[in-house]
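All heavy atoms count here, side chains included; hydrogens, waters and symmetry mates do not.
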Amino acid sequence: MVYEAEISRTNPSLILFLIDQSRSMSHKLPGGERSKAQEASDAINRQIGDFVLRCTKSDGIRDYFYLGVIGYGYVTGKAGSILKGDLIHPISELAGTPIRTEKRKMKVSDGTGGTIDVDYDFGVWFDPVANGDTPMCKALSLARDAIKDWVEEHPSSYPPILINITDGQATDGNPEDVIKEIQELKTSDGDTLIWNCHLSSNPSTPVSFPSDESELPNDKYAISLFGVSSILPSQYIGYAREMQIDLKDSARAYVFNAQLEQLVEFIDIGTRGPQGQMQ
Amino acid sequence: MLSVREFHRPKSGYRESEYEDAFSIDADGGKFAVADGATESSFSNIWARALVSTFVENPPPMDMNDRKSVKNLLDEARKKWYEGIDWTSLPWFQKNKAVLGSYSTFLGLQVDSPENPRRYRCITIGDSCLFHLSGPKMESFPFSDYRDLNYTPRLMWSGHGYPIGLSKDVEPPGLEVKYGKIKDGDTLILATDAISKWMLQNKFNKPWQQILDNADNWDSYIGELISSGAMKNDDITAIFISCE
């Protein structure tokens with residue numbers, strides 16, 4: 001498994017986000033000011049905006065990436081795309097279809113070692129929802145079907161990445177089986193990468209990128225999701241270590257009890273690999 | 001007399017309009033420049049063109065302090081770049097990126113009066129290279145080992161785009177300078193990074209001669225080198241200057 005395929009308009013890559021929209025996502029996320037639903041939505045919207053930014057060239061947007069966001073639990077028992085239209089969107093289409101933009105401040109280098117604040121437009125593609133139950137298996141099944149089509153059509157692309165953000169246990173079955181099916185979907189450059197981020201419900205210490213079950217609390221659900229999260233390819237181990245995260249070479253793409261800081265780090269590292277392969 | 005041949009092509013699979021290198025030539029005036037706009041930034045093609053055209057149209061005196069020469073180039077090129085973009089008509093996502101400014105490498109060569117031997121000055125920021133062929137000898141600058149081109153290069157920054165614009169001064173990054181002399185029969189080559197790396201990797205097989213031998217079918221020759229993996233798929237620019 002190499003994860004070294006160049007990403008170009010003729011050989012694009014697929015990123016899928018899955019977001020839990022169950023009622024408990026209305027609870028405040030430790031480390032942040034707002035609810036889990038708001039912080040998770042903000043983190044994904046920010047990441048979509050970052051992909052748009054990276055694909056923006058002088059002559060417009062180049063479709064290096066196709067993205068999708070699947071929500072589950074927005075209505076009890078329901079899962080589906082929470083972006084307007086299809087499940088999978090070329091990045092150029094997303095650039096033109098945010099539901100709104102918000103004025104925010106970003107820090108940019110002043111060229112002399114300092115920073116200055118600049119206004120920028122923060123794209124919003126979907127709003128937070130915290131409403132129903134946790135039909136995670138249904139959401140994963142949708143993701144599996146989309147990834148299956150993708151790898152058949154793009155057999156030599158950088159492997160798809162699925163990032164699942166949840167704060168609870170699936171209410172429609174055991175997600176392990178469908179995740180194992182997704183892991184078997186591969187391109188010539190590697191297996192689909194499965195990232196699972198379990199958001200915290202309490203302020204106890206998070207466990208980021210564990211490599212062994214013994215690092216986890218005695219929680220059947222945590223052990224289950226840990227076991228079906230991808231072992232990190234070496235490039236991702238390197239990105240995490242650049243961010244001063246202490247992890248072993250056999251670490252998995254899983255965070256238990258993530259607070260805001262771990263959520264943001266997790267998504268950043270999870271999307272860094274393909275961004276580095278843009279031609 | 002300086003005789004010049006220029007070769008350039010965009011990445012394989014890309015359009016000419018997507019070429020982000022730039023070059024400028026004034027053979028009679030002995031001024032030449034190449035630049036490699038950074039793909040990661042937007043409007044880097046406009047920035048690369050601003051740098052090379054400013055250098056060739058308004059070259060610094062040969063005896064001007066090197067850093068002062070680059071500072072003057074930076075100030076003038078920034079104005080040209082900023083005026084070359086219609087900032088207010090950009091869509092929101094392009095504005096978000098354009099405010100961060102543009103980046104490019106730069107290599108400028110000035111050849112002095114036509115006395116023999118001629119003196120030259122080469123100023124470079126980044127990983128574009130100068131090759132000096134003289135009889136059986138080849139000197140390259142700033143790198144002599146192809147492995148030195150594996151690292152992120154130094155870049156010239158345009159400063160911020162709208163709405164900050166030109167209101168803040170920008171200092172040039174670290175630069176490297178070579179002074180030399182050429183005589184009749186010598187050749188100087190200015191080249192951006194991918195072709196420089198290939199030439200250094202194959203320097204014992206006279207790769208510059210292979211390019212000249214394939215000058216009539218240059219585009220397909222380079223395309224084959226790229227598809228075989230011998231050369232990185234990148235924008236390619238090379239200027240051959242022969243002293244006759």
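- A 6.0 Å sphere centred on CD of A/Glu33 holds no more than 12 heavy atoms belonging to other residues, nucleotides or ligands.
- B/Asn96 pairs with exactly one of A/Thr56, A/Val52, A/Leu53 by the side-chain contact (heavy atoms from CB on, under 4.5 Å) rule, that one being A/Leu53.
- Look at A/Glu6 and B/Lys232 and you find no salt bridge, because none of the NZ, NE, NH1 or NH2 atoms lies under 4.0 Å from a carboxylate O.
- Heavy atoms of B/Ser17 lying under 4.5 Å from chain A are absent altogether.
- A donor-acceptor pair under 3.5 Å links the side-chain atoms of B/His160 to the main chain of A/Ser109, judged by distance alone.
- For B/Gln94, the parts sitting under 4.5 Å from any heavy atom of chain A are the backbone and the side chain alike.
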Evaluate side chain to side chain contact (heavy atoms under 4.5 Å, CB included) for A/Asp119 paired with B/Lys95, printing each intermediate quantity in order.
-> CA-CA 10 Å; A/Asp119 283 331; B/Lys95 279 182 192 161; over 6 Å; no
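- Within the 3.5 Å criterion, the main-chain N or O of B/Ser42 finds no donor-acceptor partner in the side chain of A/Lys57.
- Using a 4.5 Å cut-off between heavy atoms, B/Ile46 does not touch chain A at all.
- Using a 4.5 Å cut-off between heavy atoms, B/Val170 makes no contact with chain A at all.
- Other residues, nucleotides and ligands place no more than 12 heavy atoms under 6.0 Å from the NZ atom of A/Lys148.
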Trace of the side chain to side chain contact (heavy atoms under 4.5 Å, CB included) decision for B/Phe93 with A/Ile61 = CA-CA 9 Å; B/Phe93 52 86; A/Ile61 300 258; 3.3 Å; yes
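- When heavy atoms are compared at a cutoff of 4.5 Å, A/Thr10 does not approach chain B at all.
- For a residue to count as touching a neighbouring chain, one of its non-hydrogen atoms must lie under 4.5 Å from one of that chain's; by this rule A/Asp110 touches chain B with backbone and side chain alike.
- Formation of a donor-acceptor pair under 3.5 Å by the A/Asp121 side chain with backbone atoms of B/Trp92 is not found in this model.
- Seen from the ring of B/Tyr14, A/Arg62 does not count as a face-on cation partner, given the 6.0 Å and 45° thresholds.
- Enclosure of atom CG in B/Asp86 by more than 12 non-hydrogen atoms of other residues, nucleotides or ligands within 6.0 angstrom is indicated.
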